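To start, the structure under review is shown below, and the notes come after it.
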Amino acid sequence: MPETAVHLGSGKVRELYALDEERLLLVASDRISTFDVVLPTEIPDKGRVLTGLSAFWFARTGHIVPNHLLELRDDGRSLVCRRLEMLPVEVVVRGYLSGSGWKDYLATGAVCGHPLPAGLAESARLPAPIVTPATKAASGHDENIDAATASELVGADRWAEAERVALALYAFASAHAEARGIVLADTKFELGLDQEGTLVLGDEALTPDSSRFWPAATYAPGGAQPSYDKQYVRDYCERLGWDKTDPGPEVPADVVAGTRARYVEAFELLTGLAFDDYLADPQAVLR
Ligand code: PZK
């Protein structure tokens, strides 16, 4: 009997379906967002790159925390997952000072309640990685909160466990990435509870959409770093003079091809697997 999937929701670039009471299907599209707007032009295979990377990390981090992955489908872009009760807090780990962390540091000298040394440059490596919780605000944007607020939302013991797991995942993945030429500046984890109340890693994990990937070769603190994957698209949009409101611009073929190549390059560096081999047999990423 064929499975019927009930559409539960759309993210900016992916779709969520219910397969049954216990299982969800996460489908990654080829849509790309920049400056918070989804562009009308797709990046071929982007969804497969992100799905393959997530599956790669899930297969290699089970010793740190269990995760929701049940099956990587042979289309290479969808994951069958255990249904969890998601925590109402996003768990961001930052190893470098960028984005909202840099803005908070400039304004207050701290990031989500973590005091930091004075005089750090934009994109500086932090003395040690920090966990900065966030919640989905009504605006749809993430809103940084402090650890006390996160503890109130999920309980102090659960928050302590989430912090410990997130730091261990970041330590594992950032060491792997940096050895392969990619700086994992920061990354966002979404955790949930299974039916036994065990903490489980959900969502996508350690992809360029849930993280900041920077090329290690050109890393230089003192300014914003180029994005490993989206820089061509951003540069094109800046050259156009687009006002960054919806709708975004169509992107020309050379920018699409360059961007696709960057996604594929990140996939190949991190997994050690040729992307064509992933397309031929997605299960290869789990071995
Ligand atoms: C869950 N989202 C985000 C929204 C998407 C994704 N394992 C899980 N159990 C229960 N809920 C979720 C998950 C996961 N992962 C994820 N919302 C709920 C989301 C829209 C589209 F693809």
Side-chain angles (χ1 to χ4, degrees), residues 3-34 36-39 42-43 45-62 64-73 75-93 133-143 145 150 153-155 158 161-162 165-166 169-170 173 187-211 229 246 263 282 285-286:
E3 289 176 308
T4 316
V6 174
H7 189 235
L8 291 184
S10 299
K12 280 211 290 267
V13 301
R14 57 218 181 110
E15 305 294 333
L16 185 64
Y17 299 88
L19 295 176
D20 55 41
E21 290 288 284
E22 278 101 46
R23 298 179 310 145
L24 298 176
L25 189 67
L26 268 172
V27 184
S29 75
D30 292 339
R31 300 194 292 273
I32 186 169
S33 72
T34 189
D36 261 354
V37 172
V38 178
L39 300 181
E42 295 193 331
I43 306 300
D45 293 322
K46 172 176 176 282
R48 290 190 176 86
V49 165
L50 268 64
T51 296
L53 274 174
S54 262
F56 170 83
W57 292 115
F58 285 141
R60 279 160 184 78
T61 57
I64 299 171
V65 61
N67 59 67
H68 70 164
L69 177 63
L70 293 171
E71 180 194 341
L72 166 60
R73 291 218 160 158
D75 62 8
R77 68 163 68 252
S78 48
L79 302 177
V80 179
C81 300
R82 283 194 280 160
R83 215 163 177 164
L84 307 172
E85 186 184 327
M86 301 306 290
L87 300 186
V89 175
E90 302 177 342
V91 188
V92 178
V93 184
T135 53
K136 283 251 181 294
S139 66
H141 284 106
D142 298 346
E143 185 173 288
I145 58 177
L153 285 168
V154 305
R158 190 64 82 181
E161 185 185 14
V165 158
L169 287 168
Y170 179 82
T187 194
K188 177 182 79 179
F189 298 112
E190 306 235 14
L191 296 156
L193 304 180
D194 70 10
Q195 301 213 324
E196 283 79 54
T198 300
L199 192 67
V200 176
L201 178 61
D203 205 76
E204 61 179 316
L206 299 159
T207 70
D209 275 8
S210 65
S211 317
D229 46 302
D246 204 28
Y263 278 103
V285 84
L286 302 176

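Worth saying up front: this structure is predicted, and the values here are computed from it rather than measured. Every number for a ligand or one of its atoms is a count from 1 in the order of the listing. Because only heavy atoms are used, hydrogens play no part in the values below, and waters and symmetry mates are left out as well, while side chains stay in.
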- Message: Using heavy atoms and a 4.0 Å limit, tell me yes or no: is Gly192 in contact with ligand 1?
- Response: no
- Contact atoms of ligand 1, heavy-atom distance to Ser10 under 4.0 Å: 20 (C), 21 (C)
- When you look for heavy atoms under 4.0 Å from ligand 1, do you find them on the side chain of Leu26, its backbone, both, or neither? side chain
- Task: Could you tell me whether Leu84 and ligand 1 have an N or O pair separated by under 3.5 Å?
- Result: yes
- Hey, are the side chains of Lys12 and Arg31 touching, using non-hydrogen atoms and a 4.5 Å cut-off? no
- For atom 20 (C) of ligand 1, closest protein heavy-atom neighbour: Gly11 N, 3.5 Å
- Residue pair Val92 / Asp142, side-chain heavy-atom distance below 4.5 Å: no
- Check whether any side-chain N or O of Thr61 sits under 3.5 Å from a backbone N or O of Ile64 as a donor-acceptor pair, and report yes or no. no
- Among all protein heavy atoms, pick the one closest to atom 19 (C) of ligand 1 and tell me residue, atom and distance. Arg14 NH2, 3.9 Å
- Might you point out which heavy atoms bring Ser54 and Ala205 nearest each other, and give the distance in Å? OG-N, 2.9 Å
- Task: Give yes or no for whether the N/O distance cutoff of 3.5 Å, strictly under, is met between Asp203 and ligand 1.
- Result: yes
- Tell me: protein heavy atom nearest atom 16 (C) of ligand 1, and distance? Leu16 CD2, 4.0 Å
- Query: Short N/O distance, under 3.5 Å, between His68 and ligand 1?
  - Reply: yes
- Within the distance-only criterion (no hydrogens, no angle test), does the side chain of Ser29 pair as donor or acceptor with the backbone N or O of Val13 below 3.5 angstrom? yes
- Distance-only, no hydrogens or angles: does the Thr198 side chain make a donor-acceptor pair with backbone N or O of Asp194 under 3.5 Å? no
- Can you check side-chain contact (heavy atoms from CB on, under 4.5 Å) on Phe58 and Leu201, steps first, answer last? CA-CA 8 Å; Phe58 285 141; Leu201 178 61; 3.6 Å; yes
- Any idea which atoms of ligand 1 are less than 4.0 Å away from a heavy-atom of Arg83? 9 (N)
- Query: Heavy atom under 4.0 Å from ligand 1: found in Leu24's side chain, backbone, both, or neither?
  - Reply: side chain
- Query: Just by distance, do the side chain of Arg77 and the backbone of Ala28 share a donor-acceptor pair under 3.5 Å?
  - Reply: yes
- Task: Looking only at non-hydrogen atoms, find the nearest pair between Leu25 and Ser78 and report the distance.
- Result: CD1-CB, 3.9 Å
- Message: Is the contact between Arg82 and ligand 1 made by the side chain, the backbone, both, or neither, using heavy atoms and a 4.0 Å cut-off?
- Response: backbone
- Query: Heavy-atom contacts under 4.0 Å between Glu85 and ligand 1: side chain, backbone, both, or neither?
  - Reply: neither
